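Read through the structure below, which is laid out as structure tokens, and then see the notes.
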Amino acid sequence: MRRKRLISSRPVARYPRDLQEHPEALERMVPDAALEKRVRAAAKMLRGTKRMRVTSKAGHCARAVDMVGASTVGVWGWTDKPGTLAHWPGGIVVSFPKSGTVNGTLVMAPGDINLTFKRYLASPVRMTLKDDYVTDLAGEGADAAMMRAYLAAWGDREAYAVSHVGFGMNPRARYEALSMYDSAIPTARSFARSRATSCSRLARTNLPARYTAGHFDLPIMGTTIELDGLAVVHEGVLQDVFV
């Protein structure tokens, strides 16, 4: 048995689109109204944000994520509006910044996660971001080497572009779940203390049309995320500011 990942809501039918998660995750992360309320509040806050700043002790510093004009989506685990899709497990908010708005340095430390590889990092990876694109991906270990090889394999510049940024909000999602079973991708993405960064793949109205086969989802632990100066995540701990 696998879980419902994408659920479609249409005027006459709702049906699972993708089944992956284990039954244990459904038992642990049954959707609840309180989570929906917090996710909606976080999405509203992000839509009104002009600047996102992300830092960490590992050296990560996204100095200038311009949020003006970004498209933001909140996911709480179900949908009841015709014509929409939802992800389960829920508990995540993500924003898709406009073209040329993401700059800085992204440092991944041992213990951070590469969901595409279903792997906890064993060695540091340092990415330089300029006008949305990864211009340098440095690191001495296998993690950096595999990421460089994967991105280069597509032969597509858009594979190096930032897709979306956001953070997890589900207190029942478990950081260590990836070590228990290898299909726990959305579980890690929804983890309440992770910051999610993704490269490439998605296209949105009024945003860069980036169609490419390559994609990384990169939950990063221990970050501090500030929205217009307000810390919503502090050193990896989600703050109680969403009401």
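What's counted below: heavy atoms across the whole structure, side chains too, no hydrogens, waters or symmetry copies. Predicted, not measured: the structure shown is a model, and the values here were computed from it.
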Side-chain donor-acceptor distances from residues 135-149 under 3.5 Å, at least two apart:
from, atom 1, to, atom 2, distance (Å)
Thr135, OG1, Thr128, O, 3.4
Asp143, OD1, Arg119, NE, 2.5
Asp143, OD1, Arg119, NH2, 3.4
Asp143, OD2, Ala122, N, 2.9
Asp143, OD2, Ser123, N, 3.0
Asp143, OD2, Ser123, OG, 3.0
Arg148, NH1, Leu137, O, 3.0
Arg148, NH1, Gly139, O, 3.4
Arg148, NH2, Gly139, O, 3.4

How close do [X] and [Y] get, heavy atom to heavy atom, and via which atoms?
X	Y	value
Arg28	Arg172	NH1-O, 2.6 Å
Trp154	Ala159	CD1-CB, 4.2 Å
Ala70	Lys98	N-CG, 4.2 Å
Met67	Ser95	CE-OG, 3.3 Å
Gly77	Pro31	O-CG, 4.1 Å
Asp66	Pro97	O-CB, 4.2 Å

[Y] side chain reached by [X] side chain, heavy atoms, under 4.5 Å:
X	Y	value
Trp88	Val75	no
Leu115	Pro219	yes
Leu121	Asn114	yes

Run the side-chain donor-acceptor check on residues 229-241: report pairs under 3.5 Å with partners two or more places apart or on a different chain.
from, atom 1, to, atom 2, distance (Å)
Gln239, NE2, Val237, O, 2.8

[X] [atom1] to [Y] [atom2] distance, which is reported to the nearest 0.5 Å:
X	Y	atom1	atom2	result
Asp228	Lys50	CG	NZ	7.5 Å
Ser99	Asp131	OG	CG	8.0 Å
Tyr133	Lys130	OH	NZ	13.5 Å
Leu151	Asp156	CG	CG	10.5 Å
Thr49	Ile225	OG1	CD1	11.5 Å
Leu178	Phe117	CG	CZ	13.0 Å

Donor-acceptor under 3.5 Å ([X] side chain, [Y] main chain):
X	Y	result
Arg47	Thr72	yes
Thr116	His215	yes
Trp76	Trp78	yes
Asp132	Gly100	yes

* Tell me the side chain to side chain donor-acceptor pair (under 3.5 Å) pairs involving residues 31-42, sequence neighbours left out? ->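 Every pair satisfying side chain to side chain donor-acceptor pair (under 3.5 Å) with a residue in residues 31-42: Glu36-Arg40.
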* **CA sep, side-chain torsions, deciding dist, call: Leu46, Phe167, side chain to side chain contact (heavy atoms under 4.5 Å, CB included)** => CA-CA 11 Å; Leu46 278 166; Phe167 48 90; 4.1 Å; yes
* With a cut-off of 6.0 Å (strictly less than), are more than 12 heavy atoms of other residues, nucleotides or ligands near CZ of Arg126? ->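 It does not: Arg126 CZ has 12 such atoms or fewer within range.
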* Evaluate side chain to side chain contact (heavy atoms under 4.5 Å, CB included) for Val93 paired with Val73, printing each intermediate quantity in order. => CA-CA 6 Å; Val93 287; Val73 177; over 6 Å; no
* Full working for ring-ring contact (aromatic ring centres under 6.0 Å, His included) between Tyr120 and Tyr175 -> CA-CA 10 Å; Tyr120 297 99; Tyr175 165 74; 5.3 Å; yes
* Name the one of Val65, Thr105, Val134 that satisfies side chain to side chain contact (heavy atoms under 4.5 Å, CB included) with Leu129? ->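 The side chain to side chain contact (heavy atoms under 4.5 Å, CB included) with Leu129 is passed solely by Val134 among Val65, Thr105, Val134.
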* Determine, step by step, whether Leu35 and Asn170 satisfy the side chain to side chain contact (heavy atoms under 4.5 Å, CB included) criterion, reporting the C-alpha distance in whole Å, the side-chain angles of both residues, the deciding distance to 0.1 Å, and the verdict. => CA-CA 7 Å; Leu35 180 62; Asn170 196 326; 3.8 Å; yes
* Going through the distances and angles, do Val54 and Met52 end up as a side chain to side chain contact (heavy atoms under 4.5 Å, CB included)? -> CA-CA 7 Å; Val54 185; Met52 175 189 285; 3.9 Å; yes
